[in-house]
Amino acid sequence: MENLAREKLDFKYDSMITGLGFAVPKKVLTNKDFERMVDTSDEWIVERTGMKERHIGEEGVVTSDLCADAAKIAMERANVSAEQIDAIIIGTITGDVGFPATACYVQNKLNAVNAVAFDISAACSGFLYALELADAYIASGKYKTILTIGGEMLSRVTDYQDRRTCVLFGDGAGAAIIQPSDGTRGIISTYIGTDGHLADLLMMPGGGSKYPASIETVKERMHYIQMAGQEVFKAAVKTMGDAAVKILHDSGVPGDKLKLLITHQANTRIINATAKRIKIPMEKVFINIEKYGNTSAASIPIALTEAVEQGVLQKDDLCLLVSFGGGFTFGAVLFKY
Ligand code: ACO
């Protein structure tokens with residue numbers, strides 16, 4: 001019975017995406033701008049990463065502003081009022097302040113008075129972690145309307161004297177409203193994982209219990225992202241490929257049935273390798289890294305929203321989302337839009 005369902009790609013759906021939105025700051029930093037800041041070139045950045053521009057928040061803009069702006073668009077498209085929202089779950093590693101959670105600020109900005117609100121710290125996989133939780137909450141019957149967001153301002157923790165990292169990151173937020181499925185489409189499967197032995201490859205060491213903020217931590221530039229680029233690259237290629245293979249295998253969905261693959265936008269070479277691993281032609285892969293750079297947890301919901309806005313992903317299309325991030329965290333979500 002189950003095999004027959006899989007052959008027909010007919011699944012039991014608990015939850016579905018009913019609205020999407022994204023927001024990025026107006027200010028743009030181009031590769032040419034970086035040529036004036038550090039020893040780099042447009043050619044190197046495009047060839048090694050695929051990036052051309054990234055949006056950087058103006059002074060005074062905070063992560064919860066971008067999250068709330070993205071959420072308002074998603075809510076309007078889902079026809080959901082602020083009072084209807086039962087939970088707000090935000091994937092972020094660059095919240096407004098150390099604590100409380102950025103989701104608390106977003107709850108207040110939206111006046112979503114009935115929503116429980118909390119953050120997930122899973123770096124670039126934060127949005128997929130949030131989607132898995134939302135799907136499970138809806139399946140359990142506990143909540144009916146969940147606002148999931150990936151929102152970051154990596155520019156605030158980027159060392160603009162370090163050419164190895166500064167060209168990579170941008171700011172933004174993407175939001176999705178998750179509600180019970182209409183029975184014909186929705187989330188088919190979610191898979192998230194962690195490999196803590198790689199935790200130190202990608203981190204911001206200062207400001208926690210290990211290295212509390214001090215004059216020394218500031219002098220040592222410990223409040224900026226530190227990354228072992230090549231090792232992260234190798235681990236990313238492996239973990240995203242493994243996650244994609246696993247979710248397709250476990251769901252019984254052949255790769256060629258996918259309409260679209262959207263991965264975390266960290267580097268076009270990593271995206272290409274993931275597509276190759278599951279034999280997806282590049283015309284079925286959505287890439288917008290050239291416009292936004294790596295926006296961490298925001299990259300997948302921004303790309304997903306653009307894919308829908310551009311008509312690349314349409315109702316009933318099968319789509320696979322795959323991520324990796326500091327932690328190491330990784331995840332995949334397979335759904336019928
Ligand atoms: N401009 C010019 N040269 C540069 C730059 C730059 N911006 N950055 C590094 N280089 C130089 C290096 O110094 C090195 O020079 P050297 O040989 O004289 O020492 C040379 O380029 C090669 O450096 P590599 O690090 O080997 O370059 P690589 O091809 O690996 O590309 C990159 C570097 C783009 C960082 C790549 O390793 C990568 O994308 N890694 C993964 C990054 C990633 O995905 N991070 C995820 C973060 S997500 C999150 O959780 C926040």
Side-chain angles (χ1 to χ4, degrees), residues 29-54 56 63 91-95 119-130 150-174 192-196 198-205 223-241 243 263-274 287 289-290 292-303 322-331:
L29 270 186
T30 66
N31 291 352
K32 287 278 170 210
D33 292 326
F34 280 105
E35 287 180 356
R36 288 186 281 275
M37 293 159 65
V38 289
D39 180 14
T40 190
S41 66
D42 174 49
E43 194 189 0
W44 191 96
I45 301 171
V46 172
E47 194 186 303
R48 306 309 294 163
T49 72
M51 297 169 189
K52 292 181 181 162
E53 297 179 348
R54 54 301 275 152
I56 304 292
T63 306
T92 187
I93 49 166
T94 49
D119 292 354
I120 293 176
S121 175
C124 308
S125 302
F127 181 71
L128 296 197
Y129 274 49
E152 305 279 14
M153 294 197 74
L154 289 172
S155 67
R156 301 289 205 252
V157 293
T158 293
D159 184 350
Y160 287 99
Q161 293 179 17
D162 177 9
R163 71 172 181 174
R164 293 166 306 157
T165 54
C166 71
V167 300
L168 303 176
F169 302 116
D171 300 338
I192 56 176
T194 308
D195 185 353
L198 300 176
D200 289 346
L201 287 186
L202 179 54
M203 67 189 310
M204 186 184 77
H223 299 273
Y224 293 124
I225 296 172
Q226 296 181 0
M227 180 177 74
Q230 278 199 4
E231 286 157 76
V232 170
F233 188 100
K234 282 182 213 144
V237 167
K238 179 166 173 13
T239 53
M240 285 222 293
T263 76
H264 171 45
Q265 308 283 303
N267 186 314
T268 39
R269 291 180 291 142
I270 298 174
I271 299 172
N272 293 350
T274 307
I287 300 180
I289 196 170
E290 70 285 357
Y292 305 112
N294 177 350
T295 57
S296 185
S299 89
I300 288 180
I302 291 176
V322 193
S323 72
F324 76 95
F328 242 61
T329 60
F330 45 90

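Computed from a predicted model, the values in this text were never measured in an experiment. Sequence positions, counted from 1, serve as the residue numbers for this chain. Counting starts at 1 for both ligands and their atoms, following the listed order.
- Summary of contacts: the protein heavy atom closest to atom 43 (C) of ligand 1 is Val232 CG1, 3.7 Å.
- Heavy-atom distances between Cys124 and ligand 1 reach below 4.0 Å in at least one pair.
- Remark: among candidates Asp162, Asn294, Asn267, Ile270, the nearest residue to atom 39 (O) of ligand 1 is Asn267, based on non-hydrogen atoms.
- The two residues Phe169 and Arg54 come nearest to each other via the heavy atoms O-CG, 3.2 Å.
- Atom 25 (O) of ligand 1 has its closest protein heavy atom at Gln230 CG, 4.0 Å.
- Contacts with ligand 1 closer than 4.0 Å are made by no heavy atom of Thr165, backbone or side chain.
- Counting only non-hydrogen atoms, the option in Arg269, Lys234, Arg164 that gets closest to atom 28 (P) of ligand 1 is Arg269.
- Residue contacts with ligand 1 for Val38 are absent, since no atom lies close enough (heavy atoms, distance under 4.0 Å).
- Counting only heavy atoms, the protein gets under 4.0 Å from atom 51 (C) of ligand 1.
- Distance screen at 4.0 Å: atom 46 (C) of ligand 1 has a protein heavy-atom neighbour inside the cut-off.
- Atom 23 (O) of ligand 1 is not flagged as protein-proximal [any protein heavy atom, distance under 4.0 Å].
- Of the candidates Gln265, Met227, Arg48, Met227 brings a heavy atom nearest to atom 35 (C) of ligand 1.
- In plain terms, the two heavy atoms of Tyr160 and Val38 that are nearest each other are O-CG1, 3.5 Å.
- Near Thr49, meaning under 4.0 Å from one of its heavy atoms, ligand 1 places the atoms 34 (C).
- At the shortest separation from atom 1 (N) of ligand 1 among protein heavy atoms lies Thr40 OG1, 2.6 Å.
- For ligand 1, the atoms closer than 4.0 angstrom to any heavy atom of Gly325 are 50 (O).
- The nearest non-hydrogen atom to atom 33 (C) of ligand 1, considering only Phe169, Phe34, Trp44, Phe324, comes from Trp44.
- Under a 4.0 Å criterion applied to the non-hydrogen atoms of Ala123, ligand 1 contributes the atoms 50 (O).
- Remark: minimum distance from atom 13 (O) of ligand 1 to any protein heavy atom is reached at Arg163 NH2, 3.0 Å.
- Side-chain atoms of Phe34 and Cys166, non-hydrogen and from C-beta on, do get closer than 4.5 Å to each other.
- Per-residue contacts place Ala266 under 4.0 angstrom from the following atoms of ligand 1 (heavy atoms of the residue considered): 44 (O).
- Distance screen at 4.0 Å: atom 5 (C) of ligand 1 has a protein heavy-atom neighbour inside the cut-off.
- For atom 30 (O) of ligand 1, a protein heavy-atom neighbour is present inside the 4.0 Å cut-off.
- There is no protein heavy atom closer than 4.0 angstrom to atom 18 (O) of ligand 1.
- With a 4.0 Å heavy-atom cut-off, ligand 1 is reached by no atom of Ile45.
- Scanning all protein heavy atoms for the shortest distance to atom 41 (C) of ligand 1 gives Gly229 O, 3.6 Å.
- A pairwise comparison of heavy atoms in Arg164 and Met227 identifies O-CE, 4.3 Å as the closest pair.
- Heavy atoms only, all atoms of each residue included: Phe330 and Asp195 are closest at CE2-N, 4.0 Å.
- Salt bridge present: Lys32 and Glu35 bring a charged side-chain N and a carboxylate O closer than 4.0 Å.
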